[in-house]
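In what follows, a structure is listed as structure tokens, so that the remarks can point back to it.
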Amino acid sequence: MHPEFDLSPAAHALADIVAAIDDAQLDAPTPADIPVRALIEHVDGLAEAFRAAATKEASGASAAPEFGSGESLPGDWRTSVPARLSALARAWQESAAWEGDTEAGGVAMPAPVTARVALDELVIHAWDLARATGQDLKVNDADLAVLLEFLQDTPAEGTPGLFGPVVPMGPAAPAVHRVLGFTGRDPFWIPSARSTCTAPRHSADPARPV
């Protein structure tokens, strides 16, 4: 089976966002309701989880993700996290990655579905971090098309353990806004609208892949 899409643009966009974050921004709030440092730590973990899902080495051995405080963020995160994101993208360029079932976060799924969950994580968390740190993000149109098809049947209450309640967006809204809305994000979120980061928008429910 040939790869259905390329995760490289989304992975590299997220890597660029991470590498440009200043130390002074690590405690800033994010749309995910956790601090920047905790979200970078989460990205570090999901990058490795989805790389291992592509190679199938995670099958039968993955675990549900936990959201930490960011205290375990490696000191070289500006280089190590982008390196892991690049490794994730390379792994999904192999035809074998798209065959059969695989596993991430303790959940077994058909490999093409896992790839879509990975793409969603990359795009949404790139937006989270860009929004929280005042950076610009341009999402690949092809990625948005994949995600809109993937997310279009999301129920209004969201998907427990995966997405929060849908933020309604009209059909004329930009594609990126509709994708964000399906994942429980307010496209117009600004840092001043959140004063504290006490709990993640995504739960650590075992049903949530990463």
Side-chain angles (χ1 to χ4, degrees), residues 4-5 7 9-11 13-14 17 28-36 38-40 42-43 45-47 49-50 53 64-67 104-210:
E4 296 183 16
F5 52 86
L7 277 77
L14 177 51
I17 294 292
T30 69
D33 290 338
I34 57 177
V36 166
L39 188 51
I40 298 173
H42 174 62
V43 169
L46 75 84
F50 282 110
E66 295 183 0
F67 287 85
V107 179
M109 295 174 284
V113 175
T114 303
R116 285 164 169 78
V117 175
L119 179 63
D120 179 73
E121 292 279 329
L122 295 173
V123 169
I124 296 305
H125 291 324
W127 182 83
D128 286 336
L129 290 171
R131 200 72 173 176
T133 60
Q135 299 185 58
D136 293 324
L137 174 68
K138 175 68 172 82
V139 182
N140 186 299
D141 288 341
D143 291 346
L144 291 173
V146 170
L147 291 177
L148 282 174
E149 181 180 12
F150 178 54
L151 299 169
Q152 63 182 345
D153 294 325
T154 303
E157 65 273 18
T159 304
L162 185 58
F163 303 128
V166 169
V167 176
M169 291 286 135
V176 67
H177 286 187
R178 284 179 281 150
V179 167
L180 291 167
F182 279 130
T183 62
R185 298 295 196 273
D186 176 0
F188 304 103
W189 185 97
I190 55 174
S192 61
R194 300 289 187 275
S195 59
T196 60
C197 295
T198 57
R201 178 181 296 274
H202 293 314
S203 76
D205 189 291
R208 184 176 188 275
V210 188

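These numbers were taken from a predicted model, which means no experiment stands behind them.
- Judged as a salt bridge (charged side-chain N to carboxylate O under 4.0 Å, His left out), the pairs with a partner in residues 105-118 (not counting sequence neighbours) are, in order, Glu4-Arg116.
- Arg178 contributes a side-chain N or O that, together with a main-chain N or O of Ala173, makes up a donor-acceptor pair within less than 3.5 Å.
- Considering only heavy atoms from C-beta on, Ile124 comes within 4.5 Å of Val179 through its side chain.
- When all heavy atoms are compared, the tightest approach of Ala13 to Leu137 is CB-CD1, 4.0 Å.
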side-chain contact (heavy atoms from CB on, under 4.5 Å), that's the test. Do Val117 and Phe50 meet it? Break it down for me. CA-CA 9 Å; Val117 175; Phe50 282 110; 3.8 Å; yes

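- Heavy atoms only, all atoms of each residue included: Trp189 and Pro29 are closest at CH2-O, 3.5 Å.
- Within a 6.0 Å radius of CD in Gln152, other residues, nucleotides and ligands contribute more than 12 heavy atoms.
- Residue Ile17 holds its CD1 atom at 7.5 Å from CG of Leu129, rounded to the nearest 0.5 Å.
- Shown here are the side-chain hydrogen bond (donor to acceptor under 3.5 Å, both in side chains) partners of Thr133, two or more places apart in sequence or in another chain: Gln135.
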Full working for side-chain contact (heavy atoms from CB on, under 4.5 Å) between His177 and Phe188: CA-CA 9 Å; His177 286 187; Phe188 304 103; 3.8 Å; yes

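- Leu14 CG to Trp127 CH2: the interatomic distance, rounded to the nearest 0.5 Å, is 14.0 Å.
- Contact detail for Leu7 and Ala115: the closest heavy-atom pair is CD2-O, 4.1 Å.
- Side-chain contact check for His125 versus Leu46: some heavy-atom pair is nearer than 4.5 Å.
- In terms of heavy atoms, Met169 sits closest to Pro187 at CE-CD, 3.4 Å.
- Summarising the geometry, atom CG belonging to Asp153 is positioned 8.0 Å from atom CZ belonging to Phe182; distances are rounded to the nearest 0.5 Å.
- Between Ala132 and Pro191, the shortest heavy-atom contact is O-CG, 4.2 Å.
- Taking 4.5 Å as the limit, some side-chain heavy atom of Arg185 sits within range of a side-chain heavy atom of Asp128.
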Under the criterion side-chain contact (heavy atoms from CB on, under 4.5 Å), I'd like the reasoning laid out for Val167 against Leu180: C-alpha separation, chi angles, the key distance, then a yes or no. CA-CA 8 Å; Val167 176; Leu180 291 167; over 6 Å; no

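- The minimum heavy-atom distance between Ala11 and Leu122, with the atom names listed, is N-CD1, 4.0 Å.
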Distance-only check: which donor-acceptor pairs under 3.5 Å involve side-chain atoms of residues 138-148, not counting sequence neighbours?
unit_1 : atom_1 : unit_2 : atom_2 : d
Asn140 : OD1    : Ala142 : N      : 2.7
Asn140 : OD1    : Asp143 : N      : 3.4

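- Distance alone, capped at 3.5 Å, is enough to place a donor-acceptor pair between the Thr30 side chain and the Ile34 backbone.
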